[in-house]
Amino acid sequence: MGLLDRQFDNSNIVITSLDSLLNWARLSSLYQLQFGLACCAIEMMAASASNFDMMRFGVIPRATPRQVDVMIVSGTVTLKMATRIKRLYDQMAEPRYVISMGSCSNCGGPYWEHGYHVLKGVDRVIPVDVYVPGCPPRPEALIEGLIKLQEKVRNESLAKKRIA
Amino acid sequence: MTPQEISEKLAAKFSGVSDIGLEAKLDAPVDPTIKVSPNHILEVAKFLRDDDDMQFDFLSCLSGVDLKGKLAVVYQLFSMVKRHKITIRVEVPTENPSVPSVESIWRTANWHEREAYDLFGITFAGHPDLRRILLPYDWEGHPLRKDYQVPEFYNGMKVPY
């Protein structure tokens with residue numbers, strides 16, 4: 001950031017497209033819905049804690065769906081929880097994103113055959129943007145998924161979306 | 001007291017009751033077990049808790065078992081004072097699985113019995129609040145029974161893989 005700071009010292013002008021500016025702002029502050037479902041939540045907490053420090057990407061956990069941009073579904077989605085997840089997703093303001101973290105929320109994981117109580121993939125209830133494989137994924141993997149999501153946000157265009 | 005002594009004392013105490021159905025299986029490797037008729041589980045439990053030699057003040061676990069045709073409830077008891085333990089077991093037919101609730105004797109049994117009701121469908125007569133504890137209230141069936149069929153849909157969500 002040092003270089004950029006020094007450029008603004010002299011009241012310089014930076015020219016960019018509105019899309020790039022908005023997308024840069026959005027992808028640099030992806031607030032995250034704070035809720036953990038199973039063992040993946042431990043890795044998500046580790047990713048947020050000092051060793052991996054997801055906050056350096058602007059990811060701040062918020063405790064209400066009204067204030068967040070991304071929902072990280074971290075763990076086993078039981079059928080009982082699925083109805084709650086759907087409701088939380090519906091309460092999030094658009095544009096909203098979902099990271100499915102770990103095998104359980106990707107496809108049911110170890111419960112795929114005998115889990116009468118487990119939803120076989122959270123994408124049966126809400127749309128998913130990024131799937132992070134692993135059981136559970138390491139914090140690096142979650143951060144990789146987050147960077148993938150940032151790439152997605154970077155390539156979006158609000159104007160084109162309106163036309164379409 | 002050893003399981004042998006506990007079993008003998010129980011047999012002596014309830015020798016006058018004809019359908020008590022006491023059946024000791026003490027050579028089990030982990031849990032020496034005494035089977036009791038479900039009609040008398042309340043009296044037996046009360047005696048085990050209150051007798052000076054027994055003092056089973058702690059119900060460590062209450063479990064349900066599906067034996068195909070029969071359902072069983074297993075009570076694992078421990079005495080904090082005497083440092084001894086015993087396992088009590090009752091069996092009921094699957095068609096009408098009703099067991100008297102021991103909630104009035106060990107308060108721990110409240111949630112344990114709700115769990116056994118939730119997953120096995122065993123009804124506990126005299127339980128103050130017998131509703132599901134783990135599954136959603138609108139769930140149908142009792143999933144840990146051997147003949148349980150996983151539903152195709154739950155609230156519009158497909159259940160099988």
Side-chain angles (χ1 to χ4, degrees), chain A residues 33 35-41 65 71-92 96 98-129 131-136, chain B residues 61-74 92 94-95 97 108-124 127-161:
Chain A
L33 183 55
F35 77 112
L37 297 184
C39 27
C40 279
M71 170 192 262
I72 300 179
V73 183
S74 54
T76 317
V77 183
T78 59
L79 293 165
K80 197 176 180 179
M81 192 66 196
T83 50
R84 275 77 165 169
I85 285 186
K86 179 80 170 69
R87 174 174 295 182
L88 287 169
Y89 179 77
D90 289 343
Q91 287 175 345
M92 286 164 65
R96 53 197 173 186
V98 176
I99 295 178
S100 165
M101 180 185 181
S103 296
C104 286
S105 76
N106 288 347
C107 63
Y111 308 99
W112 72 275
E113 191 172 12
H114 297 298
Y116 61 87
H117 60 306
V118 174
L119 187 70
K120 312 297 186 293
V122 73
D123 51 5
R124 291 187 180 184
V125 186
I126 55 175
V128 175
D129 295 288
Y131 296 87
V132 181
C135 187
Chain B
C61 191
L62 185 155
S63 329
V65 189
D66 188 347
L67 303 164
K68 290 187 179 173
K70 280 186 295 185
L71 291 169
V73 180
V74 178
V92 284
T94 307
E95 290 75 48
T108 311
N110 192 316
W111 282 18
H112 281 87
E113 286 177 348
R114 279 177 65 185
E115 188 180 354
Y117 163 72
D118 194 355
L119 301 176
F120 286 99
I122 301 165
T123 54
F124 291 90
H127 191 287
D129 183 29
L130 195 66
R131 54 200 166 100
R132 290 187 184 276
I133 190 170
L134 297 170
L135 293 164
Y137 293 138
D138 59 353
W139 193 270
E140 280 169 18
H142 304 282
L144 288 196
R145 285 203 183 174
K146 299 282 184 197
D147 56 358
Y148 180 73
Q149 293 292 325
V150 176
E152 198 66 27
F153 285 93
Y154 168 71
N155 277 352
M157 293 177 281
K158 188 163 170 264
V159 179
Y161 184 71

Taking only residues two or more places apart in sequence, or in another chain, which ones meet A:Arg87 in a side chain to side chain donor-acceptor pair (under 3.5 Å)?
-> none

When A:Gly108, A:Cys107, A:Ala82 are compared by non-hydrogen pairs under 4.5 Å with chain B, the top option | A:Cys107

For B:Phe120, ring pair (Phe, Tyr, Trp, His ring centres under 6.0 Å) partners two or more places apart = none

Could you list which of residues 119-127 of chain A have a heavy atom closer than 4.5 Å to any heavy atom of chain B, in residue-number order?
-> A:Leu119, A:Lys120, A:Arg124, A:Val125

Cationic N near anionic O, under 4.0 Å, A:Lys86 to A:Asp90 = yes

Please work out whether the ring planes of B:Tyr154 and B:Trp139 are parallel, tilted or perpendicular, with thresholds of 30° and 60°.
-> tilted

Pick one of side chain, backbone, both or neither for B:Val159, based on which atoms fall under 4.5 Å of a heavy atom in chain A.
-> both

Side chain / backbone / both / neither for B:Leu135 at chain A, heavy atoms under 4.5 Å | both

Set of ring pair (Phe, Tyr, Trp, His ring centres under 6.0 Å) partners for A:Trp112, sequence neighbours left out | B:Tyr161

Who wins among B:Pro151, B:Gly156, B:Pro136, B:Pro160 for the most heavy-atom pairs under 4.5 Å with chain A?
-> B:Pro136

Answer yes or no: does atom NZ of B:Lys70 have more than 12 heavy-atom neighbours from other residues, nucleotides or ligands under 6.0 Å?
-> no

Taking everything shown except A:Phe35 itself, do over 12 heavy atoms lie less than 6.0 Å from its CZ?
-> yes

Working for side chain to side chain contact (heavy atoms under 4.5 Å, CB included), residues B:Arg114 and B:Arg132 = CA-CA 6 Å; B:Arg114 279 177 65 185; B:Arg132 290 187 184 276; over 6 Å; no

